[in-house]
Protein chains: 2
Amino acid sequence: MAKSPNKLEVLKLGNQLCFPLYACAKEVIKIYRKPLAKIGLTYTQYIVMVILWEFGEMSEKELGEKIYLDSGTLTPVLKKLEKFGFVKRQRMTEDERFVKITLTDNGVKLREKASNIPQALEGNIYLSYDEMITLYNLLNKALEGINERKTQ
Amino acid sequence: MAKSPNKLEVLKLGNQLCFPLYACAKEVIKIYRKPLAKIGLTYTQYIVMVILWEFGEMSEKELGEKIYLDSGTLTPVLKKLEKFGFVKRQRMTEDERFVKITLTDNGVKLREKASNIPQALEGNIYLSYDEMITLYNLLNKALEGINERKTQ
DNA sequence: TTAAAATAAATTGCACACAATTCAATAATA
DNA sequence: TATTATTGAATTGTGTGCAATTTATTTTAA
């Protein structure tokens, strides 16, 4: 049975958590980079497309909330994807402050070409299925906590 | 009892893991940003200092391996820290290709001022101690796997 | 109903992050 | 030993990522 941790121990571990999180995210993104280059996308562009493939059209604001990016990052990425011909950006007539992001036909088609991208991780993540599930759940729980704090 | 997952399920989950990892890392770094600004450091600069505080002087190459950064990122960061007066950079006489990174007195002193930085996470990570331990272990296991693959 | 506040994007400036290349020093080998 | 290969750091160019500010639009409230 593990001893009950004091506050200092929790803090120290929190600090230690930070680094592997940072390093692991970078390394996993790096694994995706090469296969993504083959279909002409960066990781950030890919994530935008994944969200749009899953949820369909939405405002830039909504997209930014889902992807944890503000307009400072997102606007240039979306303009690039528009230049590539994968998305369309247009002000909404109901409220001209909002920009609606829509997939073009080519954007929809790209989904198939990207379908083998997840295989990039094959043989690169040495975790069991159960460990991956646990990791996935803990990360999402942590994210939820951070979101909760934000909306207060 | 969970059913045995097929390969496709593992791949799909791997892909899904990628995003919360990316998002969570960004959000946690964001939490550190404000308290770090008070002692005049960015997150990357802080991680460099943490490594040097823990392990002492080492070459830029060694530092880069520990922190998962190449010279393209690390050289400018180290030059900045040198300008701040926290580290010293000098070519090693034994082998002039290597640059040895050493803490200055001010660099050592900064450690105390930074001692309360981990408290930034207090009230921001809604995970139990055990969950944090599990998350920490899984991330490190994933990192080890990635490293292993690299050295092959 | 108009002035003030709020809101969504866009812009600006700074700091990474990394691939690719260059440069200088050292090691390997013909 | 002279040539080639390798290695560590530095440089260059592109792409985020974000805080702070600006702009245009809409909402709120006086």
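Computed from heavy atoms alone, side chains included, the values below leave out hydrogens, waters and symmetry copies. Residue numbers begin at 1 in each chain, while the letters A, B, ... track the order of the sequences.
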Novice: So which heavy atom on Y32(A) is nearest to which on P118(A), and how close?
Specialist: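 Between these two residues, the closest heavy atoms are OH-CA, 4.2 Å.
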Novice: Please report the distance, rounded to the nearest Å, between CD in Q45(A) and C1' in dA17(C).
Specialist: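 Distance check: Q45(A) CD to dA17(C) C1' gives 15 Å.
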Novice: Considering residues at least two apart in sequence or located in another chain, which fulfil the side-chain hydrogen bond (donor to acceptor under 3.5 Å, both in side chains) criterion with Y68(A)?
Specialist: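 So Y68(A) forms a side-chain hydrogen bond (donor to acceptor under 3.5 Å, both in side chains) with N147(A).
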Novice: Scan for side-chain hydrogen bond (donor to acceptor under 3.5 Å, both in side chains) pairs involving residues 78-87 of chain B, sequence neighbours excluded, and state none if there are none.
Specialist: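 Qualifying pairs, neighbours excluded: E82(B)-R89(B).
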Novice: Once you round it to whole Å, what is the distance between P of dA15(C) and CZ of R33(B)?
Specialist: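 Interatomic distance, CZ of R33(B) to P of dA15(C): 12 Å.
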Novice: Walking along DNA chain D from 5' to 3', note the first and the last nucleotide with an atom under 4.0 Å from a heavy atom of chain A, and give both.
Specialist: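 The contact span of chain A on DNA chain D goes from dG15(D) to dT26(D).
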Novice: Whole angstrom is fine here: how far is it from NZ in K26(A) over to C1' in dA17(C)?
Specialist: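 Between C1' of dA17(C) and NZ of K26(A): 7 Å.
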Novice: Would you mind telling me which residue lines up with the more 5' stretch of DNA chain D, L69(A) or K100(B), judged by nearest nucleotide?
Specialist: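 On the 5' side of the pair lies K100(B).
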Novice: Take the protein atom CD of E62(A) and the nucleotide atom P of dA8(C), then report the distance between them rounded to whole Å.
Specialist: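 These atoms are roughly 11 Å apart.
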Novice: To the nearest Å, how far apart are E96(A) CD and dA6(C) P?
Specialist: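 It works out to 23 Å between those atoms.
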Novice: Write out all pairs satisfying salt bridge (charged side-chain N to carboxylate O under 4.0 Å, His left out) with one or both partners inside residues 19-31 of chain B, taking only residues at least two apart or from two chains.
Specialist: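 Sorted pair list: K150(A)-E27(B), E27(B)-K30(B).
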Novice: What pairs of residues pass the salt bridge (charged side-chain N to carboxylate O under 4.0 Å, His left out) test when at least one of them lies in residues 134-144 of chain B, not counting sequence neighbours?
Specialist: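 Salt bridge (charged side-chain N to carboxylate O under 4.0 Å, His left out) check on residues 134-144 of chain B returns E131(A)-K141(B).
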Novice: List in chain and number order the residues that pass side-chain hydrogen bond (donor to acceptor under 3.5 Å, both in side chains) with E65(A), two or more places apart in sequence or in another chain; answer none if no residue qualifies.
Specialist: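 Per chain and number, E65(A) pairs via side-chain hydrogen bond (donor to acceptor under 3.5 Å, both in side chains) with K61(A).
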Novice: Without decimals, in angstroms, what is the distance between R91(B) CZ and dT26(C) C1'?
Specialist: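 It works out to 13 Å between those atoms.
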Novice: Any heavy-atom pair between the side chains of L135(A) and T134(B) that's under 4.5 Å?
Specialist: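 T134(B) vs L135(A): side chains apart.
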Novice: Not counting sequence neighbours, which residues clear side-chain hydrogen bond (donor to acceptor under 3.5 Å, both in side chains) with K66(B)? List them please.
Specialist: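 Applying side-chain hydrogen bond (donor to acceptor under 3.5 Å, both in side chains) to K66(B) gives none.
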Novice: Can you figure out which of dA19(C), dA27(C), dA9(C) approaches the side chain of K30(A) most closely?
Specialist: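 That would be dA19(C).
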Novice: To the nearest Å, give me how far apart NZ (K38(A)) and P (dA19(C)) are.
Specialist: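 Answer to the nearest Å: 15 Å.
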Novice: Roughly how far apart are I29(A) CD1 and Y22(B) OH, rounded to 0.5 Å?
Specialist: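 The OH atom of Y22(B) is 6.5 Å from CD1 of I29(A), to the nearest 0.5 Å.
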Novice: Report the residues that fulfil salt bridge (charged side-chain N to carboxylate O under 4.0 Å, His left out) with E60(B), sequence neighbours left out, ordered by chain and then residue number.
Specialist: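 Testing E60(B) for salt bridge (charged side-chain N to carboxylate O under 4.0 Å, His left out), a comparison that skips the adjacent residues, returns none.
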Novice: Quick check on contacts: within residues 70-83 of chain A, what sits under 4.0 Å from DNA chain C by heavy-atom distance?
Specialist: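 Residues of residues 70-83 of chain A under 4.0 Å from DNA chain C: S71(A), G72(A), T75(A), K79(A).
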Novice: With a 4.0 Å cutoff (strictly under), does any side-chain N or O of K61(A) reach OP1 or OP2 of dA9(C)?
Specialist: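 For K61(A), the contact criterion (side-chain N or O under 4.0 Å from OP1 or OP2 of dA9(C)) is not met.
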Novice: Please name all residues satisfying side-chain contact (heavy atoms from CB on, under 4.5 Å) with T42(A), sequence neighbours left out, ordered by chain then number.
Specialist: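 For T42(A), the residues satisfying side-chain contact (heavy atoms from CB on, under 4.5 Å) (neighbours in sequence not counted) are T44(A), Q45(A).
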Novice: Does M92(B) or E60(A) map to a spot on DNA chain C nearer the 5' end, using the closest nucleotide for each?
Specialist: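 Comparing both residues, the 5'-ward one is E60(A).
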Novice: Going by the side-chain hydrogen bond (donor to acceptor under 3.5 Å, both in side chains) test, which pairs reach into residues 97-118 of chain B, not counting sequence neighbours?
Specialist: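 Of all non-adjacent pairs touching residues 97-118 of chain B, those that pass side-chain hydrogen bond (donor to acceptor under 3.5 Å, both in side chains) are D95(B)-R97(B).
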Novice: If you fit an axis to the five pairs at each end of the helix from dT1(C)-dA30(D) to dA30(C)-dT1(D), how big is the angle between those two axes, to 10 degrees?
Specialist: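 Roughly 10° between the end axes, to the nearest 10°.
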Novice: So I29(B), base contact, sugar-phosphate only, or nothing? Heavy-atom distance under 4.0 Å.
Specialist: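 No contact.
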Novice: Taking CE from M58(A) and P from dA9(C), how many angstroms apart are they, rounded to a whole number?
Specialist: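 Atom CE in M58(A) sits about 12 Å away from atom P in dA9(C).
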Novice: Start at the 5' end of DNA chain D and walk down; is the nucleotide closest to Y68(A) or to E94(A) reached first?
Specialist: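 Taking each residue's closest nucleotide, the earlier one in sequence belongs to Y68(A).
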